[in-house]
Amino acid sequence: MKWRRVWSVIRKEWWHITRDRTSFILLLLSPVLLLITMGYAFSIDITNVGIGVMDQDLTPLSRQFISQLASTDALRVEKWPQSLDEVETLMMRGQTKAVVIIPRGFETDLLSGKTAALQVIVDGTDPNTAGHAIRHISAHVEHFTLEQVAEQVARAGIALKNLSPIDLSLRAWFNPQLRYTVSLIPALVGIVLSVPAMAASLALTREREWGTLEGLIATPIGRFELILGKIVPYLIAGFLSVPMCVATAVYGYKIPFVGNLGLYLLLSIVYLFSTMSISLFLSVFVSSQQVAMIASMLIFFFSGFFMSGLLIPFSLMGPMIKMEAFFFPTTHFVIISRNIFVKGASFAEIQGYVWAIVGIGAIFFTLTSLMFKKKL
Amino acid sequence: MADEWVIETEGLTRTFKKVTAVNNLTLQIKRGEIFGLVGPDGAGKTTTIRLLAAILDPTGGSAKVDGFDTVAQPEPIKRRIGYMAQRFNLYGDLSVWENLNFFADVFEMTGTERQERIEMLLNFARLTEFRDRHAAHLSGGMQKKLALACTLIHTPDIIYLDEPTTGVDPVSRREFWDILTDLHLQGITLVVSTPYMDEAERCSRVGLMYQGGLVVCDTPEAIKAMTEGELIALWPSDLRRAHDILLGTEGVLEVQTYGDQLRLFARDGDDIMARLQATLTEHNIQLADARRTSPRMEEAFISLIRRQMNEKP
Ligand SMILES: Nc1ncnc2c1ncn2[C@@H]1O[C@H](COP(=O)(O)OP(=O)(O)OP(=O)(O)O)[C@@H](O)[C@H]1O
Ligand SMILES: [Mg+2]
C-alpha cells in the first residue's frame with residue numbers, strides 16, 4: 001500500500017470529475033434538485049385536500065363540527081352533496097377524495113351520551129390522499145368529541161370528577177402538526193444522497209471505455225490503491241451536496257433540524273462510502289458507462305423508494321423483502337436521517353443502523369478490491 | 001546461453017469465444033534486440049503483446065518475461081516493462097505534464113531523479129513547449145510520443161510498443177524511430193508491432209504472424225533471402241490484364257501489384273526479361289519500363305504469406 005500512489009489516483013480522478021464544469025456542477029446539484037422536485041411531487045396534494053360533507057343532521061352541533069373541520073389548512077370542504085347518489089357521482093368522477101356523512105341524530109346521540117355515528121367515505125384508489133384525509137378527519141373527530149362531551153357534561157351540572165378520567169391529550173410526538181413532509185423530507189435526503197454513488201459507478205467503466213485501464217493495469221499499481229483512489233474524490237464531491245440538502249430541507253421545507261449536525265455530516269460520509277462501494281463493485285463487472293449508470297440507478301432508486309420504508313411501511317413488507325432491504329445502506333440511512341433530523345437522536349440511539357451501513361460498505365469495498373483483476 | 005533470452009514463449013495460445021487469436025506460438029526474444037512483430041490485420045499481434053505484458057492470461061502454453069511467468073508472477077513483470085497500447089491510452093483531460101507526473105507517481109519515482117527524468121523525456125519527445133496542453137488537444141504524432149514518454153518514465157528494461165506509428169505522418173514516423181534506435185543503443189529490449197515494412201527492416205529480428213501463428217522469425221536479411229526466384233519491377237499500361245497474363249506465363253512464380261507497377265518473381269530473371277516485351281505486345285499492352293531489382297521486406301512478406309495461404313487453405 002503506497003499512499004503516494006493512492007494520492008496520485010485521487011488527484012487524477014478529481015481532475016476528471018471537476019474539469020468538465022457542467023457535469024461537475026450537475027453532480028453537485030443533482031441531489032438538491034432531486035430533493036426539491038421529489039419533495040414537491042410527494043407532498044403536493046397532501047395539504048389542503050378538498051372533501052365533501054353531507055349533513056343530514058342539520059343541527060347547531062353538526063354545523064359546528066363542520067366549521068371546525070374546515071378550519072385547518074389540511075382539509076377544505078368544497079362539496080355539499082345532498083344525497084348518496086350525489087356522493088357516488090362525486091367519488092366516481094374523482095371530484096372529491098373523501099366525503100364525511102353526518103347522519104340524522106348526530107346531535108341527539110352525542111348529547112345524550114350515546115355513541116354518535118359518523119361515516120367517512122374515501123377514494124381508495126388514491127391511498128396517499130385518502131390516508132391523509134382519514135388521519136385528519138379522525139384526529140378532528142377525537143378532538144371534537146372530547147371537547148363537546150366535556151362542555152355538555154359540564155353544562156348538565158355533572159361534576160367532572162365523576163366522569164371516568166380520560167387522557168385528553170392527543171399529541172403526536174416530534175411532529176405536533178402531523179405534517180407529512182416532516183417524515184418525508186429527511187427520508188428523501190437519504191435517497192437523493194445515493195445519486196453521487198451513481199456517478200461513482202463511472203469511475204472504472206470510464207477508464208475501460210477510454211482504453212486507459214489497459215495501460216494502468218500494465219503498471220505495478222495495486223488494486224486496493226486504485227479502488228481507494230477512485231472512491232475518495234466521489235466521497236468529497238458527494239459530501240459537498242450534504243449541507244445543500246440539509247439546508248434545502250430546513251429552509252425550503254421548514255423541517256426542523258433537531259439533532260447534531262456534526263454527527264449527521266459524519267454519518268453521511270459513512271453512508272456515501274457504503275453506497276459508492278456498491279456502485280464500484282458493480283462497475284467491476286460492466287464494460288460500458290451507460291450500463292453502469294442504469295444499473296446503479298435501478299439499484300439505488302429501487303431500494304430507496306421501495307425498500308427503505310419510505311413508500312411501503314416496514315410492517316407491510318414480507319420477510320424476504322425485509323431481508324433484502326437490510327442489505328441496502330439506504331434503508332438504514334433513511335432511518336438515521338429521520339431520527340437525527342426530527343428526533344435529535346444521539347449516536348447511541350442509532351448505532352445499530354450505523355454499524356449496518358459500515359458493515360455493508362466494508363464488505364463491498366473489500367469485495368471490489370478482490371474481484372477487480374488487473375487483467376483484460 | 002539460456003538467459004540470453006529475455007522473453008520466451010512455449011506453445012502460447014489464446015482463444016476467445018470463437019477465434020483463436022494466438023495459436024501455439026513459440027518464440028524467443030534476445031535481450032537488447034528490437035524485435036518486430038508484423039502481420040496483417042487480425043493476425044494476433046496485439047493479443048501476443050497483451051499476453052507478454054501479463055494483462056491477459058493465455059488459454060494454453062506459457063510465457064516467461066525476464067524469468068517470470070506471466071500468469072504466476074505478473075507483478076514483477078509489470079515493474080520491468082513499459083507498455084504502449086495500440087489505442088491512445090493517456091488521459092485526454094490531463095495535460096502533458098500531469099500525465100507524466102501521474103505515471104511517475106504510479107512507478108514511485110521521487111526526488112530529483114524524477115524531475116530530471118520528466119524533463120529529459122519531455123525534451124526527448126520534443127514536447128517541452130506543449131507541457132501544459134491537454135493530451136486530447138495534441139496532434140496524433142505528439143500523442144504517440146507522449147504515450148512513449150509515459151511508457152519510459154520508470155526506465156523499463158523491456159518495452160512493448162503496439163503499432164506505435166500508425167496514423168502518424170512520415171516525418172514524425174522517422175523521428176519516432178530515431179527515438180527507438182536511441183533506446184536500442186541504451187540496451188533496452190524493444191518489441192514493436194508494425195504494419196509498415198520499412199519499419200520491419202529497422203528491426204534486429206522480425207516475426208511474421210499470420211492467423212495467430214508465427215510464419216517466420218529471423219533477421220530482415222534472412223527473410224528477404226527466403227524469396228524464391230529473381231525480382232523484376234515493370235510498368236505496363238494495363239496493370240490488371242498484364243498481371244493475369246504474366247501470372248500464366250511459363251517461368252513466372254508470382255506477380256504482385258504496387259501502385260502503377262507490377263513486381264514479378266521469375267525462376268530465371270534474364271529469360272523473362274527477354275520475353276517480357278514480346279508477351280505484352282502480343283496482348284496490346286505497352287511496357288514503359290522493366291528492370292531487375294532486389295526484393296524488399298514487403299515483397300518477401302507478401303510472398304511468404306501467399307505461400308502460407310496456399311499451404312493451408
Ligand atoms: N477481446 C477479444 N474478444 C474477442 N476476440 C478478440 C479479442 N481480442 C482480439 N480478438 C480477435 O483475435 C484476433 C486477433 O486480434 P489482434 O487484435 O491480436 O490482431 P492484430 O494483429 O493486433 O490486428 P490489428 O493489426 O488489426 O491490430 C482477431 O480476429 C480479433 O477479432
Ligand atoms: Mg493490433
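Note that the structure is predicted; figures quoted are calculated from it, not measured. Chain letters run A, B, ... following the sequence lines, proteins first and then strands; every chain starts at 1.
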Check: Relative to chain A, which segment of B/R87 carries a heavy atom at a distance below 4.5 Å: side chain, backbone, both, or neither?
Finding: side chain
Note to self: I need the B/Q86 CD to A/E214 CD distance, nearest 0.5 Å.
What the structure shows: 9.0 Å
Note to self: If you count heavy atoms of other groups shown closer than 6.0 angstrom to CD of B/E113, is the number above 12?
What the structure shows: no
Note to self: If the contact rule is any heavy atom under 4.5 Å from chain B, which residues of residues 369-376 of chain A qualify, in numerical order?
What the structure shows: A/K374, A/K375, A/L376
Check: Is it the side chain or the backbone of B/H154 that comes within 4.5 Å of chain A heavy atoms, both, or neither?
Finding: neither
Notebook entry, point to check: Between A/I217, A/I221, A/L213, which has the largest tally of heavy atom pairs under 4.5 Å with chain B?
Noted result: A/I217
Check: Nearest 0.5 Å, what's the CZ-NZ distance between B/F107 and A/K2?
Finding: 13.0 Å
Checklist line | Inter-residue atom distance B/F103.CZ - A/S8.OG, 0.5 Å rounding | finding: 9.5 Å
Note to self: For B/Y83, which atoms come within 4.5 Å of any heavy atom of chain A: side chain, backbone, both, or neither?
What the structure shows: side chain
Checklist line | Under 4.5 Å from a heavy atom of chain A, the part of B/P156 involved | finding: neither
Note to self: What part of A/E207 gets within 4.5 angstrom of chain B, counting heavy atoms only: side chain, backbone, both, or neither?
What the structure shows: side chain
Margin query: With rounding to the nearest 0.5 angstrom, report the OG1 to CD1 distance, A/T219 to B/I55.
Written below: 10.5 Å
Check: Non-hydrogen atoms of chain A under 4.5 Å away: do they reach the side chain of B/L56, the backbone, both or neither?
Finding: both
Check: By a 4.5 Å heavy-atom criterion (distance strictly below it), what part of B/T151 contacts chain A: side chain, backbone, both, or neither?
Finding: neither
Item checked: Residues of residues 277-298 of chain A within contact distance of chain B, non-hydrogen under 4.5 Å -> none
Margin query: Taking B/D105 first and then A/R4, would you say they form a salt bridge - that is, a charged N and a carboxylate O separated by under 4.0 Å?
Written below: yes
Notebook entry, point to check: Going from CH2 on A/W210 to CG on B/N89, what distance comes out if it is rounded to the nearest 0.5 angstrom?
Noted result: 12.0 Å
Checklist line | Neighbour count above 12 (heavy atom, 6.0 Å) for B/F16 CZ | finding: yes
Notebook entry, point to check: Under 30°, 30 to 60°, or over 60°: which ring-plane class applies to B/Y91 and A/H16, parallel, tilted or perpendicular?
Noted result: tilted
Notebook entry, point to check: Do NZ/NE/NH1/NH2 and the carboxylate oxygens of A/K12 and B/E98 come within less than 4.0 Å?
Noted result: no
Next item on the list: Give a yes or no on whether A/F347 atom CZ has more than 12 heavy-atom contacts from other residues, nucleotides or ligands under 6.0 Å away.
Entry: yes
Check: Got a salt bridge between B/E108 and A/R5, using NZ or NE/NH1/NH2 to carboxylate O under 4.0 Å?
Finding: yes
Margin query: Less than 4.5 Å apart, side chain to side chain, heavy atoms only: is that true for B/F88 and A/T212?
Written below: no
Note to self: Within the supplied structure, the quantity of interest is the number of heavy atoms (other residues, nucleotides, ligands) at a distance under 6.0 Å from B/Q73 CD; does it exceed 12?
What the structure shows: yes
